[in-house]
Amino acid sequence: MARSTAQQLATYQRRYRELAAQLANIGYIAAGSITCRYTRCGTPSCRCHADPPRMHGPYWQWTAKINGKTVTRRLSQTEAELYQEWIDNDRQLRAIITQMRHVATKATELTMQETKNKAAKV
């Protein structure tokens with residue numbers, strides 16, 4: 001194996017391990033999204049129907065697809081903050097895995113090219 005190829009592979013391997021180490025620091029993960037809603041009620045004389053309206057809320061909701069079905073859960077603000085942290089962790093996890101795939105693809109291409117070069121010399 002050529003020295004520069006070995007150096008490139010070592011660089012890819014080092015970067016891959018760095019990314020893998022980052023995975024260990026990610027906390028809980030959750031899919032879905034958090035929304036904050038303000039609503040109107042059905043009472044015509046309520047403040048939410050005034051001019052200007054003062055809506056009811058905030059009401060925090062978590063929504064996600066689970067087994068092909070949309071699930072929505074009402075949350076307290078503290079629960080919403082936790083879920084948002086977990087959703088952010090999930091996004092970070094996906095970004096790291098995407099980077100790992102990119103590094104692995106480069107290393108694989110380099111390894112395959114080196115294998116072809118060795119086979120051609122034989």
Side-chain angles (χ1 to χ4, degrees):
M1 187 178 299
R3 181 70 178 143
S4 64
T5 302
Q7 288 173 336
Q8 285 178 318
L9 281 174
T11 300
Y12 291 143
Q13 188 174 40
R14 186 171 43 257
R15 178 64 182 144
Y16 193 86
R17 286 189 177 144
E18 288 170 0
L19 291 166
Q22 289 178 23
L23 291 176
N25 296 324
I26 293 177
Y28 292 123
I29 59 172
S33 62
I34 300 293
T35 55
C36 179
R37 301 206 185 278
Y38 291 85
T39 62
R40 290 181 194 248
C41 69
T43 307
S45 61
C46 183
R47 65 186 173 101
C48 65
H49 293 281
D51 188 21
R54 292 184 320 180
M55 308 294 264
H56 299 284
Y59 299 111
W60 296 93
Q61 291 179 327
W62 167 76
T63 304
K65 282 274 194 187
I66 298 178
N67 296 326
K69 293 191 175 201
T70 302
V71 176
T72 300
R73 182 181 301 160
R74 190 172 274 186
L75 306 170
S76 69
Q77 183 172 353
T78 303
E79 292 170 332
E81 290 168 358
L82 284 171
Y83 262 100
Q84 189 60 59
E85 179 185 334
W86 300 334
I87 291 167
D88 292 343
N89 289 346
D90 187 59
R91 288 186 182 124
Q92 183 181 5
L93 172 75
R94 291 171 191 263
I96 291 169
I97 290 173
T98 298
Q99 291 176 39
M100 290 175 79
R101 285 186 178 132
H102 182 71
V103 171
T105 298
K106 287 184 175 184
T108 300
E109 289 171 358
L110 192 61
T111 302
M112 296 306 285
Q113 186 60 43
E114 189 65 27
T115 302
K116 286 179 184 179
N117 289 344
K118 283 183 180 179
K121 289 180 183 179
V122 174

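Small disclaimer: the values here were computed from a predicted structure and weren't measured.
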Look only at the side chain of [X] and the backbone of [Y], and say whether a donor-acceptor pair between them is shorter than 3.5 Å.
X   : Y   : result
R73 : W62 : no
H49 : C41 : yes
N89 : I26 : no
W86 : G27 : no

First locate atom [atom1] of [X], then atom [atom2] of [Y], and finally report the distance between them rounded to the nearest 0.5 Å.
X    : Y    : atom1 : atom2 : answer
L110 : Q8   : CG    : CD    : 5.0 Å
H102 : Y12  : NE2   : OH    : 7.5 Å
T35  : Q61  : OG1   : CD    : 4.5 Å
R91  : I96  : CZ    : CD1   : 14.5 Å
T111 : E114 : OG1   : CD    : 8.5 Å
Q7   : R14  : CD    : CZ    : 9.5 Å

- Query: Run the side-chain contact (heavy atoms from CB on, under 4.5 Å) check on Q77 and E81 step by step: do they pass?
  - Reply: CA-CA 6 Å; Q77 183 172 353; E81 290 168 358; 3.4 Å; yes
Under 4.5 Å between side-chain heavy atoms, hopping through other hydrophobics if needed: is there a path connecting [X] to [Y]?
X   : Y   : result
I66 : I87 : yes
L19 : I29 : yes
I97 : Y28 : no

- Query: What pairs with R94 under side chain to side chain donor-acceptor pair (under 3.5 Å), at least two apart in sequence or on another chain?
  - Reply: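 With sequence neighbours excluded, R94 shows a side chain to side chain donor-acceptor pair (under 3.5 Å) to D90, given in chain and number order.
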- Task: Indicate yes or no: at least one non-hydrogen side-chain atom of V103 is less than 4.5 angstrom from one of Q99.
- Result: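 No - every pair of side-chain heavy atoms lies 4.5 Å or more apart.
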How close do [X] and [Y] get, heavy atom to heavy atom, and via which atoms?
X    : Y   : value
A64  : G32 : CB-CA, 3.7 Å
A104 : Y16 : CB-CE1, 4.1 Å
R40  : C48 : NH1-O, 3.0 Å

- Message: Apply the hydrophobic cluster definition, ILVMFWY joined by side-chain contacts under 4.5 Å directly or through others, and give me every member besides Y59.
- Response: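 None; Y59 is a cluster of one.
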- Query: For atom CZ of R47, is the number of surrounding heavy atoms from other residues, nucleotides or ligands below 6.0 Å larger than 12?
  - Reply: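 Buried by this count: over 12 neighbours within 6.0 Å.
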- Task: In plain terms, say whether E109 and K106 are close enough for a salt bridge, that is, a side-chain N and a carboxylate O under 4.0 Å apart.
- Result: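 A salt bridge is absent here (no side-chain N lies under 4.0 Å from a carboxylate O).
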- Message: Quick one about Q92 and D88 (side-chain donor to acceptor, distance below 3.5 Å, no hydrogens or angles considered), yes or no?
- Response: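 The criterion, which ignores hydrogens and geometry beyond distance, is not satisfied for Q92 and D88.
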